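Just so it is clear, the model here is predicted, and its values are computed rather than measured.
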Amino acid sequence: ISYSKYFQFICDHYIFPKTKKKAMELTSVLNFLENRTILVTGATGFLAKIFVEKILRVQPNVKKLYLLLRASDDKSAMQRFNNEVVGKDLFKVLREKCGPNFTTFVSQRTTIVPGDITCDNLGVNDTNLLEQMWKEVDIVVNLAATTNFDERYDVALGLNTFGARHVLNFAKKCNKLKVLLHVSTAYVCGEKEGLMLEKPYYMGETLNGTLGLDIEVEKKVMDEKLKQLNAENASEKSITTAMKELGLERARKYGWPNTYVFTKAMGEMLLGKLKEEVPLVINRPTIITSTFKEPFPGWVEGIRTIDSLAVGYGKGRITCFLGNPKTILDVIPADMVVNSMIVAMMAHADQKGSETIYQIGSSVSNPLNITNLRDYGFNYFRKNPWINKVDGKPIIVGKVNVLSSMDSFQRYMALHYMLPLKGLEIVNAAFCQYFQGKYLELYRKIKFVMRLIDLYGPYLFLKAAFDDLNTEKLRMAAKESGIEPEIFYFDPKIINWEDYFMKIHLPGVVRYVFK
């Protein structure tokens, strides 16, 4: 990547600006959070849980957290909250801090709301509760989304695109609204090369220049496809497959590699177009990893993105992988993402009609490449081998062979896997399925690798870095204002990646898999 444009951008906007801008003035974040009422959507999600825990732990005098989650009624909503949120290890520090008062404290500070952001009024049916929320809510944080790369198009549109619009419409009805914070993804840039700036996507904008993107038309195309499938009495499995294929087809028509980032980009477009006087902050994190420091290092939930590779490698399923060894993997710990969200909420409160985008990542300020990650994985699993559940023996790993082109990858797979698999299939048939176990094991390994390549292939050769100048300005303003830097840290430059992966992240992933 050429950074000449990046440095010119810095000079024009920050070192020698043509027009002098008023410096961002920040006050205490803890004071800002005191007596606030915050609505959080997608409350059972990974980031949402960390956000909720952070607020409750550092500012016990927050007035109320309305936590919206999918459920049919109050009872099932509360059950989900207890099992999927406060019942997690994530809350152990807060639980220890509160002691026997933990349950009382949480119940006094939270209201669990069954709802659905794919519906008007966020699917909240209790009219008294709706009126109460509109009267009390100061801040709306939208964390509800589907992050599956190949999600059904109807599901992804409902959550990531039109769900964002429903959240905005709800926020407009909040009488005391100070800010709406929407969490998107840095990868709305698709496969573009160079420096990805913190700029909005405008209605109808596409990545490949193809004209005609109309979000309402996309909904119509989706609805007609569903109607056709139902008329044909298609099975649920067939409908799911067809809707996944439709999502990928529509995304790639306009230059996005998958349904997830396409529908997130359209969600951003709707927010920017329809926000009117609502103060809007869009937070675009890159690849989110386990917590760096708080509430404790290494908390992770779910096997996400690069963790799939780590687990597959540790289990001995991956011996080669496709990607440019110099490709930058932009990762950022989850607690840093949450801290940046909280500081941004405070920084842009009451800025009517504003739209500010923050890209939260590390590719510019503290880059990590595929080769670094490979070496960390090798060193970690060599010292801490995965134990085979079948025979109880440690799995010995070797260094992954990183193949730098699709051609070399296909040759490698054909020589080392496809030919042996075909041979084993013939032998297995000849010996009356005697080698069925070996055959299925090899088949699963191949299927696993090919699935990862299909999902993450576009990012393995990504020649992009994510500009974080807005985020850096926010960090500098926070530092200069002296606002609790030890509590609301989000500077990736403080991370030693080797220490982080070897001592925090990989152990955290292994703990999650084995718990």
- prompt: Is the cationic atom of Lys225 (NZ for Lys, CZ for Arg) positioned less than 6.0 Å from the six-membered ring centroid of Tyr153 and within 45 degrees of its normal?
  reply: no

Can a donor-acceptor pair be found, under 3.5 Å and without considering hydrogens, that links the side chain of Asn258 to the backbone of Val261? yes

- Query: Do the non-hydrogen side-chain atoms of Leu130 and Phe170 ever get within less than 4.5 Å of each other?
  - Reply: yes

Working note: Glu276 + Lys172, criterion salt bridge (charged side-chain N to carboxylate O under 4.0 Å, His left out); need CA distance, chi angles, decisive distance, verdict. CA-CA 9 Å; Glu276 296 175 345; Lys172 288 178 179 179; 3.5 Å; yes

TODO: Kindly assign one of parallel, tilted or perpendicular to the pair Phe149 and Tyr260, based on the angle between their ring planes and the thresholds 30° and 60°.
DONE: parallel

* Hey, is the main chain of Asp73 close enough, under 3.5 Å, to the side chain of Ser76 for a donor-acceptor pair? -> yes

Note: Ser340 and Asn283 closest approach over all heavy atoms is OG-ND2, 3.3 Å

CG (Leu122) and CG (Asp116) are apart, to the nearest 0.5 Å, by 9.0 Å

| task | Answer yes or no for Lys463 and Phe461: cation-pi contact, defined as NZ/CZ to six-membered ring centre under 6.0 Å and angle to ring axis within 45°. | result | no

Rounded to the nearest 0.5 angstrom, the CG-NZ distance for Leu270 and Lys275 is 12.5 Å

Regarding Lys293 and the six-membered ring of Tyr489, is the cationic atom NZ or CZ under 6.0 Å from the ring centre and inside 45° of its axis?
yes

Whether the side chain of Thr241 engages the backbone of Lys237 through a donor-acceptor N/O pair (distance < 3.5 Å, no angle test) should be reported. yes

*Can you list the steps and then say if Lys64 with Glu136 is a salt bridge (charged side-chain N to carboxylate O under 4.0 Å, His left out)?*
CA-CA 9 Å; Lys64 179 74 70 176; Glu136 295 180 0; over 6 Å; no

CE (Met196) and CZ (Arg284) are apart, to the nearest 0.5 Å, by 10.5 Å

Pair Asp223 + Lys227: basic N to acidic O under 4.0 Å: no

Q.
If you count heavy atoms of other groups shown closer than 6.0 angstrom to NZ of Lys97, is the number above 12?
A. yes

- Message: Looking only at side-chain N and O atoms, does Glu484 offer a donor or acceptor that is under 3.5 Å from a partner on Ser28?
- Response: yes

Minimal heavy-atom distance between Phe102 and Val86, with the atoms involved, is CZ-CB, 4.2 Å

| request: State whether Arg475 and Glu472 are salt-bridged, where the test is any N-O pair (Lys NZ or Arg NE/NH1/NH2 against Asp/Glu carboxylate O) under 4.0 Å. | output: yes

Would a distance-only check, ignoring hydrogens and angles, find a side-chain to backbone donor-acceptor pair under 3.5 Å from Thr41 to Ala144? yes

(message) Could you walk me through whether Ile342 and Leu33 satisfy the side chain to side chain contact (heavy atoms under 4.5 Å, CB included) test, starting with their C-alpha distance in whole Å, then the side-chain angles of each, then the deciding distance to 0.1 Å, before giving a yes or no?
(response) CA-CA 9 Å; Ile342 295 171; Leu33 293 173; 4.0 Å; yes

Q. Would a line drawn from the ring center of Trp299 to the ring center of Phe46 be shorter than 6.0 Å?
A. yes

Taking the cut-offs as 6.0 angstrom to the six-membered ring centre and 45 degrees off its axis, would you call Arg250 and Tyr254 a cation-pi pair? no

| query | Is atom NZ of Lys75 surrounded by more than 12 heavy atoms (other residues, nucleotides or ligands) closer than 6.0 Å? | reply | no

*Evaluate the ring planes of Phe262 and Trp256, with Trp represented by its six-membered ring, and classify them as parallel (under 30°), tilted (30 to 60°) or perpendicular (over 60°).*
tilted

- Query: With no hydrogens and no angle check, is any side-chain donor or acceptor of Gln59 less than 3.5 Å from a backbone partner on Leu30?
  - Reply: yes

Minimal heavy-atom distance between Phe105 and Cys98, with the atoms involved, is CD2-SG, 3.7 Å

Are the side chains of Glu198 and Gln359 in contact, using a 4.5 Å heavy-atom criterion?
yes

CG (Asp307) and OG1 (Thr289) are apart, to the nearest 0.5 Å, by 8.0 Å

Stepwise side chain to side chain donor-acceptor pair (under 3.5 Å) test for Asp335 and Thr291 = CA-CA 5 Å; Asp335 49 337; Thr291 53; 5.3 Å; no

query = Are the side chains of Pro200 and Tyr202 in touch, meaning some heavy atoms are under 4.5 Å apart?
reply = yes

Consider only side-chain N and O atoms of Lys54 and Asn339, and report whether a donor and an acceptor are under 3.5 Å apart. yes

Q: Go through Lys49 and Glu84 one step at a time and tell me if the salt bridge (charged side-chain N to carboxylate O under 4.0 Å, His left out) criterion holds.
A: CA-CA 9 Å; Lys49 283 193 269 263; Glu84 300 177 34; 5.6 Å; no

What I want to check is whether the side chains of Asp330 and Thr286 have a donor and an acceptor closer together than 3.5 Å. yes

- Query: Is the number of heavy atoms from other residues, nucleotides or ligands under 6.0 Å of Asn125 CG greater than 12?
  - Reply: no

Quiz prompt | Note, Leu181 side chain near Val183 side chain (heavy atom, < 4.5 Å) | solution = yes

With a 4.5 Å limit on heavy-atom distance, are the side chains of Glu151 and Leu159 in contact?
no

Heavy-atom closest pair (Val300 atom, Gly508 atom, distance to 0.1 Å) is CG1-O, 3.6 Å

Does a donor on one side chain sit under 3.5 Å from an acceptor on the other, for Gln228 and Glu224? no

Taken to the nearest 0.5 Å, the spacing of Leu274 CG from Leu168 CG works out to 6.5 Å

Practice problem: Evaluate the side-chain proximity of Ser290 to Ile504: yes if any heavy-atom separation is below 4.5 Å, no if none is. | Solution: yes

message: Check this for me, if you would: do Arg165 and Glu216 make a salt bridge, where the nitrogen-to-carboxylate-oxygen distance has to be below 4.0 angstrom?
response: yes

Here the gap from Arg36 atom CZ to Ile139 atom CD1, rounded to the nearest 0.5 Å, amounts to 6.0 Å

Lys244 meets the side chain to side chain contact (heavy atoms under 4.5 Å, CB included) criterion, sequence neighbours left out, with Asp150, Arg152, Thr240

Residues Met345 and Phe32: closest non-hydrogen pair is O-CZ, 3.9 Å

Legend entry - Centroid-centroid distance, Phe292 to Phe490, less than 6.0 Å: no

Nearest heavy-atom approach of Val188 to Ala265 is CG1-N, 3.7 Å

Quiz prompt | Stepwise salt bridge (charged side-chain N to carboxylate O under 4.0 Å, His left out) check, Glu191 with Arg252 | solution = CA-CA 11 Å; Glu191 301 170 74; Arg252 288 166 183 173; over 6 Å; no

Discussion item. Measuring only between side-chain heavy atoms, which start at C-beta, is Asn121 closer than 4.5 Å to Lys173?
Written reply: yes

Without swapping roles, check the side chain of Ser362 against the backbone of Pro492 for a donor-acceptor pair under 3.5 Å. no

Using only atom types and a distance under 3.5 Å, with no angle test, would you say the side chain of Asn101 pairs donor to acceptor with the backbone of Thr104?
no

Below 4.5 Å, heavy atoms only, C-beta onward: do Leu213 and Met203 meet side chain to side chain? no

Over 12 foreign heavy atoms within 6.0 Å of NZ, Lys176 = yes

Donor-acceptor pair, Asn366 side chain versus Ile495 backbone, under 3.5 Å?
yes

Can you confirm whether the side chains of Ser184 and Glu268 place a donor and an acceptor under 3.5 Å from each other? yes

- Item | Any donor-acceptor N or O pair under 3.5 Å, side chains Asp120, His166 | yes

